[in-house]
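A quick write-up on the structure given underneath.
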Protein chains: 2
Amino acid sequence: MPETQDKFKVLLREHGLKVTNQRIAILQVLNTRPNEHLTVDEIYDYVKEDYPDIGLATVYRTILLLTDLNLVEKLNLEDGYVRYEIGDKDRDKAHRHHHLICLECGSISSFQDDLLENLENKIFSSIGFKVEDHEVKLFGRCRKCRNNAD
Amino acid sequence: MPETQDKFKVLLREHGLKVTNQRIAILQVLNTRPNEHLTVDEIYDYVKEDYPDIGLATVYRTILLLTDLNLVEKLNLEDGYVRYEIGDKDRDKAHRHHHLICLECGSISSFQDDLLENLENKIFSSIGFKVEDHEVKLFGRCRKCRNNAD
DNA sequence: CTTAGTGCAAAGCTTTTGCACTGCA
DNA sequence: TGCAGTGCAAAAGCTTTGCACTAAG
């Protein structure tokens, strides 16, 4: 996805930040693995394949940067690992992007649904809280694990 | 709420665990502050008022125990603190218990809604994932903060 | 050239663990 | 009395930070 890379370069320059090989390499890793929900260590390992001298601190700093620029989303699945995934370029789609977490095998999948729109309107009119973002996590058992249990 | 305390004592004994002053004191703190979403440090400080010699490790161990016994719920609001609150004794109600987090003042409020039932059925029939629990967090601005901004 | 970015190692935090002691059952 | 529970301090993770060096603009 060179378009994300270009967007990234533009964003960096707009903010007076430098375009470095390390930053591009990290974005590349996240970009080529859109549905893997990577931990920092996993990102670090993947990036080292292309860029063996990179330091873990740079990975942390770059991920923070990417998150601030809204190119990457942080994910906490309560499994003890903090994960990151490339964000959807379409802000509205990202807003409808939720996660299914299997309690048995730990697999993570995503689904899209605008299920919360009504609720958010209801909350606004009843207590005046204006919802700007939301996070929905569904925990359970995936088909495979349920079949294995039989 | 002596009923929760009694339930707790019964649960402990059922599991062959001992009823100690420390455990009761920690449950008491959570019980008397049902809507405060306390961090471990806050719990530790409150318990020390009644029980000054308690160790932080005991607080961690007891909270883990309470969570395992489903008396306490863990909450991660992405604000850098892990929080705990007393769980609803009614399992179904707990399942419909969600959080509103104000991005400006950090206030946390709860609301109840069974909004996800349809969705969960839909997910089960389409991909065979059986949802057993869910977590919904809504981020935005509370009425007070929106008014202050004007 | 200038200074943001980087790698490394050290420091900081939260949470967990090992061990000798305490107190519930 | 016996063993689960506790307090303390050390260890273990993960993440951040300070500093001298490197490289982007």
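Below, chain A is the first sequence line, B the second, and so on; all start at residue 1.
At distances below 3.5 Å, at least one donor-acceptor pair connects side-chain atoms of B:Glu42 with backbone N or O atoms of B:Thr39.
Applying the side chain to side chain donor-acceptor pair (under 3.5 Å) test to A:Asp41 and every residue at least two apart in sequence or in another chain returns nothing. Under the side chain to side chain donor-acceptor pair (under 3.5 Å) criterion, A:Asp50 pairs with no residue, sequence neighbours left out. Residues passing the salt bridge (Lys or Arg N to Asp or Glu O under 4.0 Å) test with B:Glu78, sequence neighbours excluded: B:Lys137.
Mapping B:Leu12 and B:Tyr44 onto DNA chain D by nearest heavy atom places B:Leu12 at the nucleotide closer to the 5' end.
Chain B approaches DNA chain C within less than 4.0 angstrom (heavy atoms of the protein), and the contacting nucleotides run 5' to 3' from C:dT14 to C:dA25.
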Under 3.5 Å, which donor-acceptor pairs link side chains of residues 120-128 of chain A to any protein atom two or more places apart or in another chain?
unit_1   : atom_1 : unit_2   : atom_2 : d
A:Glu120 : OE2    : A:His134 : ND1    : 2.5
A:Asn121 : ND2    : A:Glu117 : O      : 3.4
A:Lys122 : NZ     : B:Asp113 : OD2    : 3.0
A:Ser125 : OG     : A:Asn121 : O      : 3.1
A:Ser125 : OG     : A:Lys122 : O      : 3.2
A:Ser126 : OG     : A:Lys122 : O      : 3.0
A:Ser126 : OG     : A:Ile123 : O      : 3.4

Pairs of donor and acceptor atoms involving the side chains of residues 9-27 of chain A, under 3.5 Å and at least two apart or interchain, shall be tabulated with distances.
unit_1  : atom_1 : unit_2  : atom_2 : d
A:Thr20 : OG1    : A:Arg23 : N      : 3.2
A:Arg23 : NH1    : A:Lys18 : O      : 2.7

What pairs of donor and acceptor atoms, side-chain ones from residues 104-111 of chain A against any protein atom, are under 3.5 angstrom apart with sequence neighbours left out?
unit_1   : atom_1 : unit_2   : atom_2 : d
A:Glu104 : OE1    : A:Arg141 : NH1    : 2.8
A:Ser110 : OG     : A:His97  : NE2    : 3.2

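For the pair B:Ile24 CD1 and D:dT6 C1', the computed distance is 15 Å after rounding to whole Å.
Of all the residues in residues 54-63 of chain A, A:Ile54, A:Gly55, A:Ala57, A:Thr58, A:Arg61 reach under 4.0 Å from DNA chain C with at least one non-hydrogen atom.
Listed by first then second residue, pairs satisfying salt bridge (charged side-chain N to carboxylate O under 4.0 Å, His left out) with a partner in residues 60-70 of chain A number zero, not counting sequence neighbours. For residues 24-65 of chain A, the set of pairs meeting the ring pair (Phe, Tyr, Trp, His ring centres under 6.0 Å) definition, not counting sequence neighbours, comprises A:His37-A:His99.
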Listing time: all N or O pairs from protein to nucleotides 23-25 of chain D that are below 3.5 Å?
unit_1 : atom_1 : unit_2  : atom_2 : d
D:dA24 : N3     : A:Lys18 : NZ     : 3.2
D:dG25 : OP1    : A:Val19 : N      : 3.1

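Contact check for B:Glu132 versus A:Phe139: no side-chain heavy atoms found under the 4.5 Å cut-off. Side-chain contact check for B:Leu38 versus B:Arg83: every heavy-atom pair is 4.5 Å or farther apart. Annotation: side chain of A:Leu65 is not in contact with side chain of A:Thr67 (no heavy-atom distance under 4.5 Å). Annotation: side chain of A:Asn76 is not in contact with side chain of A:Tyr81 (no heavy-atom distance under 4.5 Å).
Residue contacts shown for B:Asp41 are absent, as no nucleic acid heavy atom lies under 4.0 Å away.
Two end axes, each from the C1' atoms of five base pairs, can be drawn for the helix from C:dC1-D:dG25 to C:dA25-D:dT1; they diverge by 30°, to 10 degrees.
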